[in-house]
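Since the structure is predicted, the reported quantities are computational estimates derived from the model, not experimental observations.
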Amino acid sequence: MNSSEHYLEGLNEQQRLAVSHGEGPVLILAGAGSGKTRAITRRIAYLIDRRICDPREILAVTFTNKAANEMKERLEQLLPGLRHYPLLCTFHSFGVRVLREYADKLGYRRSFTICDTDDQKRLLKKVFKDLGLDDEQLPVEKCRAVISRARNQGWTPDTLPKQIFSRQAEDISTAFREYLRQLKESNCMDFDDLILLPVELFEKHPRIRERYNQAYRHILIDEYQDTNAPQYKLVWLLTRIHQNVCAVGDEDQSIYGFRGADINNILRFESDFPGAVTIKLEQNYRSTQTILKAATALVANNLDRKDKTMWTDGPQGSPVMVYVAYDARQEAETVAHKIGQYLRNGESKLAVLYRTNFQSRQFEEALRRLDIPYKLVGGVSFYHRREVRDALSCLQFLRDNANSTSLARIINNPPRGIGKTTLEQVQSIVEQRNVSMWDAIRIGLEEDLYPSRAARALRSFAESVGRARKHLELPLHIALERILKELGYIQHLEDEKTEDAENRLLNINELINVARDYEGREDSMQEFLDHASLRSEADDIDDNARVTLMTLHNAKGLEFPVVFMAGCEEGLFPHSRSIDENTLEEERRLCYVGMTRAQKQLIMTYSKTRRFYGSDPGRSNLPSRFLAELPGDLTETVLIDSYGSVYGSNRPSPVSLGADSLFNPKPRNASSYKGKTYNTVESITQALENKRKSSPGFKSGDEVSHSKFGRGQVLMVEKAGDDLKITVSFPGKGMKKLLQSYAKLKKL
DNA sequence: GAAGTGTTAAATCGC
DNA sequence: TTAACACTTC
């Protein structure tokens, strides 16, 4: 092969060491912007080019499939004409790969379906129903999170109650057990299974483990700081006959603790893999000195970290800007306006980063008003849309009839006369005979167990399924289209003739287009479905977009000349739940990650008030403590001019340093009444008058009785548009807001 | 059983 | 604010 070793070109001494280290465990502690992904890619090139191993003996685990694809492209450039490639994928994809081969050893069929979080919730909801659990006392989402966390800790339904101290421990444990049972029964695996089951497989079947040990003689793991306990265990099992493991990570960038990532995996690498060589990459090639210093000063407030000093010999750069806006809308307007300026000045790439997805809307609207094209990452993604999931469920059910979850989703969608009563009858056969839902339908039809009308509907559906199944042999995209036609899904959408239905049809077409790309693969449908399930939001990142909107988490590993970090407010960032849960250090690392995405200019914004759920009065908040942790000489604070001055103008972004607007959350001349803001005394009088007029029947303090919730007490009566909103507290049921509910509400 | 209407809950981050 | 669900009516 070529001996020019150009994969060593342009590297500094430390990087060169990391790339050309031979066999044995290596830990590369690589700070932000130090070129760690570049180092790992070049190391792979080195291993191949020096014939230290065959390309096919290398397993490189990346954080997203997109990162894996990019790594493959880089390898193609570094080693042109390479005949074989390493296995480059995520932990989850690797798990699927193993399980598609060996699932039968664990009592699954190899055609198993991957359940995402939505599917999990749906299944858990059903479990609650079956067990008679009340989701008012135990929210399904909370239960799901607890179960997932428990599994990653290695707890079982039996040991769980001993581990957590909660009144609901028993209920959670029961739901946990039933959830696992039903999941496996429908031959489904959730995301946790994709890691836990390979671990179980390797532990129960040493021969299989050995096979993998021999097959992958070099293992490289990027973003090691974000691996969790089962993933660590998987790595451990994969390295039992050799210790050729190269972990690359940065403990300051560990931001996935909430899904079990354990920062200790990286902190104790050296003791886990004796003889490990540690190489630090401390030179930053990305950001200006100012940005790097500010970010470093921030993260230095964390106690739980290794000592690592990042430095750069890049330019000084301009100060970190801090914009203070009056409300979220103004914050977004200002950011959009600034983005417009940067674009006009020829800036190539900008990003707006925020803590939570719901913040994106304001920025979308503001950018649209200025006709600035942008790319949104995450949110309600294509693969989570209802019609796309319906279509995928059709495929999943047709290829595996035992998949009752998918069947339940499509059986009466489009409506085909199989309603609640009929489904209850099916369900009772499921329980009596202990068979799958599909079998229950067939058995019931054969033995004439259904009333004639239900039987007719079920038979027609079953026949339709039989015909649809024949299409499975066709090329994937044709199969998909014919199946959806056969099951009446497309016809149903066409009949609706609404704009919404048209959009859904377009999405179906788009899905068919995606399917076309999978044509000709060995098991194209399987790969297509796996792709849909394992796709990550970060995969949607479009490198060509000039303006990108995304969460801080999705920004991991990326860089932009100009970065806006929005919503730097106490309660939002750091998030209130993080403050409660004592995971403040992780929030600070997230802030560090966000700041170090910026190459030339970093702008952090903060809004003094913010609304939640639309109509609630804007809550005023304090600036994020992270802003206070930035060295004052590196930042410059800008207060946005009085409300309204930015709108519709092409003037440069307003800059005015009037302190009064900082701590006065209301526009001038405004007064407030019951948390609502009114601009004049007259409007308050009017509001009070309206209230008096419109609440003839009820006033606060009244004892009332509601047809559904029983006895209660009126807390507040207010006008909502033309209606009345009555807030009543019901003992044991909490507070209810009732709109137009007089008929159900009686004065006592 | 389906279509239409009313009510409520919701939103941290994500494979 | 919106989307899911629950309930009502035909």
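Of the side-chain N and O atoms in A/Thr356, none sit less than 4.0 angstrom from OP1 or OP2 of B/dA11. Applying the 4.0 Å criterion to OP1 and OP2 of B/dT12, one finds that A/Arg355 has every side-chain N and O outside that range. Residue A/Asn412 has a polar side-chain atom (N or O) positioned under 4.0 Å from OP1 or OP2 of B/dA2. Look at A/Thr421 and you'll find a side-chain N or O under 4.0 angstrom from OP1 or OP2 of B/dG1.
Aromatic stacking of A/Phe258 on B/dC13: satisfied, with centres closer than 5.5 Å and planes within an angle under 30 degrees. A/His575 qualifies as a stacking partner of the B/dT12 base, centre to centre under 5.5 Å and near-parallel within 30°.
Judged by the 6.0 Å distance and 45° axis criteria, A/Arg97 is not positioned over the aromatic ring of A/Phe94.
Comparing B/dA11 with C/dA6, their P atoms sit 16 Å apart, to the nearest whole Å.
Atom-to-atom, CG of A/Asp495 to P of B/dA2 comes out at 15 Å; the value is rounded to the nearest Å. Following rounding to the nearest Å, A/Phe612 (CZ) and B/dA11 (P) show an atom-to-atom distance of 13 Å. Separating the CD atom of A/Glu537 from the C1' atom of B/dC13 is a distance of 9 Å, rounded to the nearest angstrom. Atom OH of A/Tyr256 is separated from atom P of B/dC15 by 7 Å (rounded to the nearest Å). Regarding A/Phe358, its CZ atom lies at a distance of 13 Å from the P atom of B/dG14, rounded to whole Å. Between the P atom of B/dC13 and the CG atom of A/Asp226 lies a distance of 16 Å, rounded to the nearest Å. Going from atom CZ of A/Arg409 over to atom C1' of C/dA4 covers 13 Å, rounded to whole Å. In this entry the distance linking CZ of A/Phe191 with P of B/dC13 reads 16 Å, nearest Å.
No contact: A/Phe573 has no heavy atom under 4.0 Å from any strand. Residue A/Asn357 is classed as a sugar-phosphate contact, given heavy-atom separations below 4.0 Å to backbone atoms only. Nucleic acid contact for A/Thr422: sugar-phosphate only, since backbone atoms but no base atoms lie under 4.0 Å from a heavy atom of the residue. Across all strands, A/Lys125 comes closer than 4.0 Å only to sugar-phosphate atoms, never to a base (heavy-atom distances).
A/Ser393 places a side-chain N or O within 3.5 Å of a backbone atom of A/Arg389 that can act as its donor or acceptor partner. Although no hydrogens or angles enter the test, the distance criterion places a donor-acceptor pair under 3.5 Å between the side chain of A/Asp539 and the main chain of A/Ser536.
A donor N or O paired with an acceptor N or O is found under 3.5 Å between the base of B/dC15 and the side-chain atoms of A/Thr117.
Comparing A/Leu534 and A/Arg361, the nucleotide of DNA chain B nearest to each residue sits closer to the 5' end for A/Arg361. Mapping A/Arg416 and A/Thr551 onto DNA chain B by nearest heavy atom places A/Arg416 closer to the 5' end of the strand.
Side-chain proximity of A/Pro415 to B/dA3, B/dG1, B/dC15: nearest is B/dA3. Comparing B/dA10, B/dC15, B/dT12 against the side chain of A/Tyr613 picks out B/dA10 as the nearest.
Under a 4.0 Å N-O distance rule, the pair A/Arg577/A/Asp580 does not qualify as a salt bridge. The pair A/Arg589-A/Glu251 fails the salt-bridge criterion, with no side-chain N (NZ, NE, NH1 or NH2) lying under 4.0 Å from an Asp/Glu carboxylate O.
Among the candidates A/Leu220, A/Asp226, A/Ile221, A/Asp222, the single residue satisfying the side chain to side chain contact (heavy atoms under 4.5 Å, CB included) test with A/Tyr224 is A/Ile221.
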